[in-house]
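Chain A is the first sequence line, chain B the second, and so forth, proteins listed ahead of strands; every chain is numbered from 1. Only a predicted model underlies this, so the values are computations on that prediction, with no experimental measurement involved.
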Number of protein chains: 2
Amino acid sequence: MKLTERKITTELRKHGYKLTPQRQAVIDTIVASQDLLTPARVYEKVSREHPDIGLVTVYRTLELLSRLGLICELHSGGTCPTYTASNPEHHHHLICSGCGKVVDFTGHNLAPLENRLARESGFRIQNHVLEFIGVCSACQETK
Amino acid sequence: MKLTERKITTELRKHGYKLTPQRQAVIDTIVASQDLLTPARVYEKVSREHPDIGLVTVYRTLELLSRLGLICELHSGGTCPTYTASNPEHHHHLICSGCGKVVDFTGHNLAPLENRLARESGFRIQNHVLEFIGVCSACQETK
DNA sequence: CTGCTAATTGATAATCGTTTTCAGTTGGAC
DNA sequence: GTCCAACTGAAAACGATTATCAATTAGCAG
């Protein structure tokens with residue numbers, strides 16, 4: 001279940017943070033997107049509607065939302081972190097360490113493990129990353 | 001099964017790469033370590049024995065070994081990638097998006113999934129990352 | 001062993017993403 | 001409306017990584 005914009009703004013208020021137009025814009029963008037977004041990509045999308053928002057503010061907002069657990073920060077292979085609203089439609093990655101090719105896959109249910117971990121650790125778990133790293137068939141042939 | 005230094009040097013030769021003392025040193029360091037190492041950490045360790053090796057060379061060697069599939073590059077939460085010899089003793093992480101605390105856990109067997117993926121994709125799978133992201137109990141209480 | 005050549009190296013500079021600093025602005029409680 | 005802490009954007013600082021380039025060297029041919 002994706003977080004709604006409403007839920008997020010309520011959470012912000014509850015923790016004493018102000019609800020600025022800039023934050024609204026970043027939240028809208030994250031919630032509306034199906035993809036994992038890098039900070040630069042969020043900035044690009046936000047800028048279309050709000051040209052005078054600063055990249056710095058995007059970084060700050062992402063950091064805040066992530067800290068409050070309203071969005072998730074993931075590190076999937078590339079050099080930049082990516083963000084997504086909590087509990088998105090989920091898929092996993094198979095990454096080639098040779099050429100960087102990424103293949104998506106689905107169909108593995110981690111819910112039982114997630115429940116066990118939540119119970120044992122006290123964490124409120126929002127998301128997970130499952131990546132396999134290997135060498136794709138093309139790269140196995142290359143010298 | 002960890003890769004031996006011998007196996008790695010043989011692979012290098014096979015692909016037409018030269019076996020320099022600098023590469024030897026980096027390989028030794030990676031193979032000898034149980035931990036995930038950042039490039040900076042590899043450089044630090046290598047420098048003890050070989051003070052005149054350059055950080056740039058460490059980066060290049062890590063990139064080469066990773067491309068050949070002899071070591072794995074992982075992205076576990078932090079800002080830097082980390083490297084490890086293929087198929088190390090493996091554990092997984094539970095990461096708090098609030099404070100960054102990392103809790104290790106073990107006991108989930110991904111081998112069946114790994115086999116299925118290798119069969120379906122043609123990848124030679126070397127490693128995997130399984131991370132759960134959430135908010136730890138302490139951060140759930142903080143505003 | 002000697003010489004050759006392409007691969008490799010280290011130092012420097014450039015680049016990229018991110019964070020800090022700071023002076024000016026603003027949301028929202030009163 | 002007034003006020004103040006929270007927030008903002010621009011610029012500078014920062015750390016990790018990559019590109020450039022002249023000098024060195026591994027490994028092969030003779």
Side-chain angles (χ1 to χ4, degrees), chain A residues 8-27 29 36-47 49-68 71 73-83 97 100 142-143, chain B residues 8-27 29 36-47 49-68 70-71 73-83 97 99-100 142-143:
Chain A
I8 293 180
T9 55
T10 308
E11 277 292 310
L12 272 187
R13 290 291 191 74
K14 186 160 70 181
H15 292 284
Y17 293 104
K18 292 180 180 175
L19 184 53
T20 64
Q22 292 91 336
R23 282 179 182 167
Q24 289 253 34
V26 172
I27 292 167
T29 299
L36 303 181
L37 300 175
T38 60
R41 191 110 178 69
V42 172
Y43 175 62
E44 179 198 325
K45 280 171 171 271
V46 167
S47 293
E49 299 292 323
H50 306 262
D52 36 359
I53 202 172
L55 177 58
V56 186
T57 298
V58 172
Y59 273 101
R60 279 189 287 230
T61 305
L62 292 174
E63 191 276 332
L64 173 63
L65 295 176
S66 172
R67 184 154 38 80
L68 290 178
I71 62 173
E73 182 182 323
L74 305 177
H75 294 263
S76 300
T79 59
C80 311
T82 55
Y83 294 85
S97 61
T142 322
K143 79 155 195 174
Chain B
I8 292 181
T9 55
T10 308
E11 277 292 310
L12 271 188
R13 290 291 191 75
K14 185 159 71 181
H15 291 284
Y17 293 103
K18 293 180 179 175
L19 185 53
T20 64
Q22 292 91 335
R23 282 181 181 163
Q24 288 253 34
V26 171
I27 292 167
T29 299
L36 302 180
L37 301 175
T38 61
R41 192 109 178 72
V42 173
Y43 175 62
E44 180 198 325
K45 280 172 171 271
V46 168
S47 292
E49 299 292 322
H50 306 263
D52 36 359
I53 201 170
L55 176 58
V56 186
T57 298
V58 171
Y59 273 101
R60 280 189 286 229
T61 304
L62 292 174
E63 193 276 330
L64 172 63
L65 296 176
S66 173
R67 184 155 38 80
L68 291 179
L70 300 171
I71 62 173
E73 181 182 324
L74 304 177
H75 294 263
S76 300
T79 58
C80 311
T82 56
Y83 295 85
S97 60
C99 62
T142 323
K143 78 155 195 173

Checklist line | Spacing of L65(A) atom CG relative to dC7(D) atom P, expressed in whole Å | finding: 12 Å
Notebook entry, point to check: Rounded to the nearest Å, what distance is computed from the CG atom of residue L55(A) to the P atom of nucleotide dT20(C)?
Noted result: 14 Å
Next item on the list: Quick one, give me the B/S/- string for nucleotides 20-30 of chain D, reading 5' to 3', where B means a protein heavy atom under 4.0 Å from the base and S means that only happens at the primed atoms, P, OP1 or OP2.
Entry: B-----BS---
Check: For the pair made of CG in L62(B) and P in dT17(D), what is the distance, rounded to whole Å?
Finding: 10 Å
Notebook entry, point to check: Tell me: OH of Y43(A) to P of dT8(D), nearest whole Å?
Noted result: 14 Å
Check: Given that V58(A) and E63(B) both sit by DNA chain D, which one's nearest nucleotide is further toward the 5' end?
Finding: V58(A)
Check: What is the distance, rounded to the nearest whole Å, between atom CZ of R23(B) and atom C1' of dA7(C)?
Finding: 8 Å
Check: Expressed in angstrom and rounded to an integer, what is the separation of Q24(A) atom CD from dG27(C) atom C1'?
Finding: 12 Å
Item checked: 4.5 Å side-chain heavy-atom contact, T82(B) and L37(B) -> no
Note to self: Are T61(B) and Q22(B) packed together at the side-chain level, in the sense that at least one heavy-atom pair is separated by less than 4.5 angstrom?
What the structure shows: no
Notebook entry, point to check: Got V42(B) and Y83(B) here, is their nearest side-chain heavy-atom distance under 4.5 Å?
Noted result: no
Next item on the list: Please answer whether the main-chain N or O of K18(B) pairs with a side-chain N or O of R23(B) as donor and acceptor at a distance below 3.5 Å.
Entry: yes
Checklist line | salt bridge (Lys or Arg N to Asp or Glu O under 4.0 Å) against R41(B), all qualifying residues, sequence neighbours excluded | finding: E44(B)
Next item on the list: Measure from CG on D52(A) to P on dT25(C) and round the result to the nearest Å.
Entry: 14 Å
Next item on the list: Could you tell me the separation between the CD1 atom of I53(A) and the P atom of dC7(D), rounded to a whole number of Å?
Entry: 14 Å
Next item on the list: Take K14(B) and E11(B), measure what salt bridge (charged side-chain N to carboxylate O under 4.0 Å, His left out) needs, and give me the verdict at the end.
Entry: CA-CA 5 Å; K14(B) 185 159 71 181; E11(B) 277 292 310; 3.0 Å; yes
